[in-house]
Amino acid sequence: MKRILIIDDDPDIREIAMTGFEIAGGWEAREAASGLEGVKLARSNPPDVILLDVMMPEMDGPTTVALLQNDARTRNVPIIYLTAKIHLTGRERVCGFISKPFNPLTLPADVEAIMSRTARVVAQ
């Protein structure tokens, strides 16, 4: 069973994403309502992949990525931005992007496709 952590300040987005992974099966999905909460959850039980909103109040996606990548427990966890707007500072290393709005029924397959592409690049 693959473990995914969904970090987004919008409860509707989290619910839709969680439903998609539940329907797909084979996933253990957890959710966090903020970057800080997500970092704490990831540090306590690192997931296989993180789906992360870019624009959140208090702590945005790039700041969350920096904290995760500077911690030995989470630095190798693939991160996929889930966003309506791509906002890169150039500092963060993310595996890919999934645009909002997304289809919850294809979301797990979209995540798998990004992870597969990333694994091939790392292996080369």
Looking only at heavy atoms, the pair that brings Pro57 and Asp9 closest together is CD-OD2, 3.4 Å
*Please tell me if the side chains of Asp53 and Asp10 come closer than 4.5 Å, counting only heavy atoms from C-beta onward.*
no
One should read off an interatomic distance between Asp60 CG and Met55 CE, to the nearest 0.5 angstrom, of 9.5 Å
query = Can you check side-chain contact (heavy atoms from CB on, under 4.5 Å) on Val39 and Met59, steps first, answer last?
reply = CA-CA 10 Å; Val39 168; Met59 188 160 68; 4.1 Å; yes
Hits for side chain to side chain donor-acceptor pair (under 3.5 Å) against Thr106, two or more places apart or cross-chain, chain-then-number order -> Asp110
In this structure, CG of Leu67 is separated from CZ of Arg75 (nearest 0.5 Å) by 12.5 Å
Is the shortest side-chain N to carboxylate O distance from Asp48 to Arg3 below 4.0 Å?
yes
Rounded to the nearest 0.5 Å, the SG atom of Cys95 sits from the CG atom of Leu51 at a distance of 11.0 Å
In short, Ala32 meets Leu41 closest at the heavy-atom pair CB-CD1, 3.9 Å
> Side chains of Ser34 and Ile7: does their closest heavy-atom pair fall under 4.5 Å?
Replying inline: no
Would you confirm whether Thr19, through its side chain, and Glu15, through its main-chain N or O, come within 3.5 Å as a donor-acceptor pair?
yes
Residues, nucleotides or ligands: over 12 heavy atoms within 6.0 Å of Lys100 NZ:
yes
* Are the side chain of Glu37 and the backbone N or O of Ala33 linked by a donor-acceptor pair below 3.5 Å? -> yes
request  = For the residue pair Trp27 and Phe21, categorise the inter-ring angle as parallel (less than 30°), tilted (30 to 60°) or perpendicular (more than 60°).
outcome  = perpendicular
Side-chain contact test, heavy atoms from C-beta onward, threshold under 4.5 Å: evaluate it for Lys40 versus Leu36 and give yes or no. yes
- Item | Note, Met18 side chain near Ile6 side chain (heavy atom, < 4.5 Å) | yes
Legend entry - Sub-4.5 Å side-chain heavy-atom contact between Gln69 and Val77: no
Heavy atoms of Leu68 and Ala42 approach each other most closely as CD2-CB, 3.8 Å
Distance col, row Leu107:CG vs Glu112:CD, nearest 0.5 angstrom, shows 10.5 Å
Rounded to the nearest 0.5 angstrom, the CZ-CZ distance for Arg73 and Arg43 is 5.5 Å
- Is Glu28 close to Ile4 at the side-chain level, that is, under 4.5 Å between some pair of heavy atoms? no
Nearest heavy-atom approach of Met115 to Ile80 is CG-CD1, 4.5 Å
| request: Report yes or no: do Ile50 and Phe97 belong to one cluster of Ile/Leu/Val/Met/Phe/Trp/Tyr joined by side chain heavy-atom distances under 4.5 Å? | output: yes
Heavy-atom closest pair (Thr64 atom, Gly35 atom, distance to 0.1 Å) is OG1-CA, 3.4 Å
On a heavy-atom basis, the closest approach of Gly61 and Tyr81 is C-OH, 3.6 Å
Interatomic distance, CD1@Ile98 vs CG@Leu52, rounded to 0.5 Å, equals 11.5 Å
